[in-house]
Amino acid sequence: MDLPVDEWRSYLLQKWSLLPKSAQVTISTAETLSEIFLHSSLFLRSEDEKFLKRLSQGYSVGKDPKAPCFYREEGNKKFQEKNYSGAAVLYSKGVSHSRPNTEDISLCYANRSAALFHLGQYETCLNDIIRALMHGYPERLQPKLMLRKAECLVTLGRLKEASQTVSDLESNFTVKPTPTASPFQILQKNLCILKMKIQEKENLPEIFPTALAKDSEDMDLREENEHISSASSSVRLCTDPLKGRYLIATKDIIPGELLVKEDAFVSVLNPGEMPPPHQGLESRWDTRVTLGDLYCHRCLKHTLAMVPCHGCSYAKYCSQECIQQAWELYHSVECSLGELLLTLGVFCHVALRLTLLARFEDVDKVLRRICDEINNKDMRLSESKTLVKTFNYNQGKSEEIGKTVETQIPGCNLKGKYENNYNAVFNLLPHTENHSPEHKFLCALSISALCRQLEAASLPALTTGLKAAVTPELHADWNIWAVAMLRHLLQLQCNAQAITAIQHTGSKESIITDSRQVRLATGIFPVVSLLNHSCSPNTSVSFTGTIATIRAAQQIRKGQEILHCYGPHESHMSVAERQQKLRSQYFFDCCCPACHCEEPRTAVGPRWEAFHCNNCGTLLQGDDVLSCGNRACPESISRNHLVSRVQQLQQQVGVAWKLLRNGKLEQAIPLLLRCREDAESFLSAEHAVVGEIEDNLARAYAALGDWQKSASHLQRSLQVVEARHGPSSVEMGHELFKLAQVLFNGFAVPEALDAIQKAEDVLLIHSDPQSDEIQELQKMRSCLLDLPPIPGGSQKDSGP
Ligand SMILES: [Zn+2]
Ligand SMILES: [Zn+2]
Ligand SMILES: [Zn+2]
Ligand SMILES: [Zn+2]
């Protein structure tokens, strides 16, 4: 996904292996990016470009005139099954393949409006009705649509407009008196009902929704930092020869305090699982739902009502504004390259988009930097931390090392301010010297192929705006842009930030929300990039659309470094795995406290991976052969044996999970209970798999409406989560949220209120007060507090 598709990668790696030795040496020893690019791109032949073109054709992003009809019919099937969100997505796919102002597009919008109506999304429904009409919805079908419009307006309380719509409809009928056919009579009847509804509502005193426009309190940084945009005044930027740039606390920071709130400088949506490149008709029209069908390609907002780019079927947006912005900033160039960009992967796409965005900044300065790079001036200095050291020493600043040397911090402007801009992005380290020569060759050739396509399309967009600022011999030079893109491509391995979202996938019937974290997009956040890594970080990151927020996850003392986790977290990976990952991807050896004190697996290991003795229940210890911690007990067993038992167990849990998802509770529950019995015989009570089993059992009993059983399994799952992730971790917050949901639905009022409070306390450390989960918790609380006290407690009928 990040890198180019496998076929192109292996093609280029083979090409690399066949290069003359001398060429390999030249590329391997080249010190600047421009040398690497020039020496590599010499080898891009037209047959390579043809091969790449063939590969790209598998990812069709054009508009297929036959597709709208196909998707509309598929959508209608879902609609009939009452799967309205499924239907809406398929109608959206139909829309994205339609040309503007055609019957196809208007029918797809109209059908989608019906699905949205059933989902209760009245505002969005109204927008789709307007779109259908705008694109020429057939007149014969309009009455039904107008009736839906009036219904929406009534529900939204916009009675004047509703009455107007109704009288328009009526006058339409009187002008064209016609069919005695039954659809007409149904329409008439509905019209009458609607008029009655309007009258009823008009007689009611108008009630204004209270507290609707609640302030987005705490959403913003209380006090913005003078020297770092998007950061709070509680942090300071420092630099040091070994650590590079980093942030420290300027005062004591409490858990939950917002430290950074930054919009991505650039982000590219993760295309998700792509249909395999194939020429067959069936696979061309894919009914599977990908992230690209659900999230705006510009602002990453979730929506069922996408509006597509007029030029391609791939780019889709939440609104006209997003279409417009994307087009002006980058999509006018990218639109015709969609297939190629999908083939070359997200990193190449980000690299291109970054250079496109650079056009809107101080182009002169940007270009001078790139030219410096080409002319090999000074650029290498900022490329490696050891060289930064020499640089600092040479400047006679050695005594100041360890303190802030603000004027010399790369990425800052002349006044010493660090901002979310292209200058800051450009200064992120590409680690040129650490990447393998074949990787650099792969990147250079991919960029070179991309540039040739840009050139062939003779897109004026890339170079307009530059002309004024640049000397004539430079602006035509694609090499400048190619080198900049190569720099970005290499930067991304260490500096790309995965933008995630919580996706709720639970069916309507399931009480416990099934939520999982999905990787929505890849972005660059210059300020977030200032944070160094720890496997046990003191902050927590969350996303709203393209905005990243970093909060303190624990108390941070004045002077302490602000740290976040690049991925390898102590509760997900062993120390050896983490070290390997950090070394290969980020080129450093981690010496965070978690890595420092965690000894190689000797005694018991983390509790969430521990085994216990079948005889006496004591934890087992040892490396390849485990023996019982209780000296009186003779039990000993090989680790391999236990590991394979865990694998078998996990497989069974997986089967049960599938049964559960398909609603086959009567099969899922006994299987889970058997798994639990098996787990109890050899796993520690806090083993991750035990937690998974308990969590699934809780779901199963919740689906049956047995709140008590569900809650007691959740309590046990909570113990596992706490042991593994800590009592105030975001994972703990999600699990407490589930418990609150279950107790709420069981009307266990005091217990539910207690769980709601605990869940809220933990989640507020990690996310905005406006986040879905916290809003939901608050709704549950006010609902419970509004309940009339029922003597002797309450028992709600448990059937759904
Ligand atoms: Zn949007
Ligand atoms: Zn497009
Ligand atoms: Zn570490
Ligand atoms: Zn024992």
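One-based numbering along the sequence shown. Ligands are counted one by one from 1 in listed order, and the atoms in each one are counted from 1 as well.
Expressed to the nearest 0.5 Å, how far OH of Tyr109 lies from CD1 of Ile130 amounts to 12.0 Å. Going from atom CD of Glu334 over to atom CG of Leu454 covers 9.5 Å, rounded to the nearest 0.5 Å. Remark: Leu340 CG to Leu52 CG distance equals 5.5 Å, nearest 0.5 Å.
Salt-bridge annotation for Lys93 and Asp64: absent, with no side-chain N of the basic residue lying under 4.0 Å from a carboxylate O of the acidic one.
Between His488 and Phe347, the distance from one ring center to the other does not fall under 6.0 angstrom. The six-membered or imidazole ring of His564 lies near that of Tyr566, with a centre-to-centre distance under 6.0 Å.
For the Zn ion (ligand 4), the count of nearby protein N/O/S atoms, taking only those under 2.8 Å, is 4.
Between the side chains of Ser574 and Glu577, at least one donor-acceptor pair of N or O atoms lies under 3.5 Å. Side-chain atoms of Ser681 and Arg645 form a donor-acceptor pair, as typed in the model, at a separation below 3.5 Å. Ser106 and His135 are not linked by any side-chain donor-acceptor pair at a separation below 3.5 angstrom, with hydrogens and angles left out of the test.
Sequence neighbours left out, the pairs with a member in residues 296-308 that pass side chain to side chain donor-acceptor pair (under 3.5 Å) are Arg298-Gln325.
None of Leu620, Leu649, Ile637 except one satisfies the side chain to side chain contact (heavy atoms under 4.5 Å, CB included) rule with Phe682; the exception is Leu649.
Within a radius of less than 2.8 Å around the Zn ion (ligand 3), the protein N, O or S atoms are Cys535 SG, Cys590 SG, Cys592 SG, Cys595 SG. For the Zn ion (ligand 2), the nearby protein N/O/S atoms, meaning those under 2.8 Å, are Cys309 SG, Cys312 SG, His331 NE2, Cys335 SG.
Panel note: side chain Thr618, backbone Cys613; no donor-acceptor pair is recorded below 3.5 Å. Of the possible donor and acceptor atoms, one in the side chain of Gln493 sits under 3.5 Å from a partner among the backbone N and O of Gln585.
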